[in-house]
Colleague: 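Sharing a structure here in structure tokens format.
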Protein chains: 2
Amino acid sequence: MMKTVIGYGLLGGALIALLKVIEYRYLLVEHSLDIYGGIVAAIFSAVGIWLGLKLTRPRETVVVKEVRVAGPFARDDARLAELGITARELEILEAMAAGFSNREIAERLFVSENTVKTHAARVFGKLSARRRTQAVQRAKEARLIP
Amino acid sequence: MMKTVIGYGLLGGALIALLKVIEYRYLLVEHSLDIYGGIVAAIFSAVGIWLGLKLTRPRETVVVKEVRVAGPFARDDARLAELGITARELEILEAMAAGFSNREIAERLFVSENTVKTHAARVFGKLSARRRTQAVQRAKEARLIP
DNA sequence: CGCAAAATCATCCATTCGGATGACGCGGAG
DNA sequence: CTCCGCGTCATCCGAATGGATGATTTTGCG
């Protein structure tokens with residue numbers, strides 16, 4: 001910025017010097033002072049406008065760009081604790097959401113199907129759900145599972 | 001805009017007139033042409049800068065703002081047709097995803113529970129699912145439902 | 001109109017799910 | 001040490017779900 005100002009200052013000085021030359025050169029010949037003043041006014045107005053534009057142009061690039069697609073999912077541990085859902089129950093919940101049957105979940109977690117059922121039943125109670133699809137739906141709404 | 005330009009034009013004219021008065025008043029007394037030229041240059045430069053600023057100020061409000069959190073969900077009709085899932089079947093699918101039982105869906109859609117079951121069975125077949133939770137999961141992955 | 005796809009309803013049967021309840025072991029808090 | 005929360009497993013039973021199959025009606029389209 002400082003560089004630019006100095007550059008313009010020097011340019012202005014050069015212009016003034018040039019104008020002086022023109023002044024001495026033509027004024028003594030034929031042109032009146034009125035015309036001379038008009039020319040000076042026009043030139044400096046133009047230079048001023050150009051200068052003003054140059055100095056303010058960079059300010060136009062005020063661009064606010066914010067792009068957000070989809071968060072990677074953050075579990076709502078607060079609500080989780082609030083509902084009293086344990087880690088194991090959450091595991092069963094996730095497996096149910098993935099579409100596994102109680103038996104499959106049992107095999108996957110190395111426990112009996114009965115155990116899965118009790119966990120599931122507790123989850124249903126804590127989520128006030130009567131069906132597993134309902135439990136999954138509510139869990140997703142509550143951001144307990146992705 | 002036209003009004004502004006005309007206003008500035010008139011103002012410029014008045015300034016020029018004023019300068020002429022100053023010119024005739026002071027030039028005849030003592031000041032040199034150099035000083036006169038400098039004053040004119042300075043004044044018109046200032047006016048020019050001010051004019052340039054005024055004319056370009058409105059352009060500074062160029063703000064590009066793009067905020068996108070989560071898409072409103074676009075159903076993949078292509079895959080839908082690809083799988084041969086009909087509109088009615090999709091309705092049943094959505095209801096299942098919402099956590100409703102076959103009976104509830106039947107009441108909601110004013111059909112018998114048997115009908116819901118057949119629709120559901122077809123959906124399961126088309127999605128290669130054995131359980132409704134699995135069907136829901138796959139439907140969501142395939143962007144058939146939100 | 002006449003066909004094909006879709007929607008509707010049904011029956012039978014096996015599996016799965018959900019509800020209620022009881023029990024046992026383990027580890028931490030009081 | 002004792003109690004409690006959690007995880008584990010079980011049994012009984014009724015409701016819900018899934019599979020297979022057949023039939024009738026409605027609807028869209030050439």
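In the text below, chain A, chain B and the rest are named by the order of the sequence lines, each starting its count at 1.
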Colleague: Check every atom of C/dT21, C/dC9, C/dG18 against the side chain of A/Thr118 and return the nucleotide holding the closest atom.
Modeller: C/dT21

Colleague: Given that A/Ser101 and B/Ser112 both sit by DNA chain C, which one's nearest nucleotide is further toward the 5' end?
Modeller: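 Its nearest nucleotide lies further toward 5', so the answer is B/Ser112.
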
Colleague: If you look at every strand shown and take non-hydrogen atoms under 4.0 Å, does A/Asn114 touch a base, only sugar-phosphate, or nothing?
Modeller: base

Colleague: Got a salt bridge between B/Glu94 and B/Arg75, using NZ or NE/NH1/NH2 to carboxylate O under 4.0 Å?
Modeller: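 Looking at B/Glu94 and B/Arg75, the cut-off is met.
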
Colleague: When you check the side-chain N and O atoms of A/Thr118 and A/Thr115, is any donor under 3.5 Å from an acceptor?
Modeller: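 Checked: A/Thr118/A/Thr115 side chains show no N/O donor-acceptor pair below 3.5 Å.
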
Colleague: So, is A/Arg103 close to the C/dT16 phosphate, meaning a side-chain N or O under 4.0 Å from OP1 or OP2?
Modeller: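 For C/dT16, OP1/OP2 do have a side-chain N/O of A/Arg103 under 4.0 Å.
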
Colleague: Find out if a path of hydrophobic residues (ILVMFWY) with successive side-chain heavy-atom gaps under 4.5 Å connects A/Ile145 to B/Ile145.
Modeller: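 No.
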
Colleague: Base, sugar-phosphate or nothing for A/Thr115? Non-hydrogen atoms, less than 4.0 Å.
Modeller: base

Colleague: To the nearest Å, give me how far apart CZ (A/Phe100) and C1' (C/dT16) are.
Modeller: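 Roughly 17 Å, once rounded to whole Å.
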
Colleague: Please check the phosphate of C/dT8 (OP1 and OP2 only) for any side-chain N or O of B/Arg88 closer than 4.0 Å.
Modeller: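 Yes.
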
Colleague: Rounded to the nearest Å, what distance is computed from the CD atom of residue B/Glu89 to the C1' atom of nucleotide C/dA5?
Modeller: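 In whole Å, C/dA5 C1' lies 11 Å from B/Glu89 CD.
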
Colleague: Quick check for you: name the first and last nucleotides of DNA chain D, 5' to 3', having an atom under 4.0 Å from a heavy atom of chain A.
Modeller: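 Using the under 4.0 Å cut-off, the span is D/dC6 to D/dT17.
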
Colleague: OP1 or OP2 of C/dG19 sitting under 4.0 Å from any side-chain N/O of A/Arg130?
Modeller: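 True: A/Arg130 side-chain N/O within range (under 4.0 Å) of C/dG19 OP1/OP2.
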
Colleague: Can you tell me how far C1' of C/dG19 sits from CZ of A/Arg132, to the nearest Å?
Modeller: 14 Å

Colleague: Any chance you could measure B/Lys140, atom NZ, to B/Phe73, atom CZ, to the nearest 0.5 Å?
Modeller: 9.0 Å

Colleague: What about A/Val136 and A/Leu80, same hydrophobic cluster or not, with Ile/Leu/Val/Met/Phe/Trp/Tyr joined at side-chain heavy-atom distances under 4.5 Å?
Modeller: yes

Colleague: Any Lys/Arg nitrogen of A/Glu104 or B/Arg131 sitting under 4.0 Å from an Asp/Glu carboxylate oxygen of the other?
Modeller: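 Salt bridge flag = yes for B/Arg131 with A/Glu104.
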
Colleague: How close or far is atom P of C/dG18 from atom CG of A/Leu127, stated in whole angstroms?
Modeller: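 Going from A/Leu127 (CG) to C/dG18 (P), I get 12 Å.
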
Colleague: Roughly how many Å is it from CG in B/Leu83 to P in C/dA6, rounded to a whole number?
Modeller: 13 Å

Colleague: For the pair made of CZ in B/Arg122 and P in C/dC9, what is the distance, rounded to whole Å?
Modeller: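 Distance check: B/Arg122 CZ to C/dC9 P gives 13 Å.
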
Colleague: Rounding to an integer number of Å, can you tell me how far B/Glu113 CD sits from C/dA7 C1'?
Modeller: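 After rounding, the gap between these two atoms is 17 Å.
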
Colleague: So, are A/Glu91 and A/Arg88 salt-bridged, with charged N and O less than 4.0 Å apart?
Modeller: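 Yes, A/Glu91 and A/Arg88 are salt-bridged.
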
Colleague: Could you tell me the separation between the CZ atom of B/Phe110 and the P atom of C/dT8, rounded to a whole number of Å?
Modeller: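 Interatomic distance, CZ of B/Phe110 to P of C/dT8: 12 Å.
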
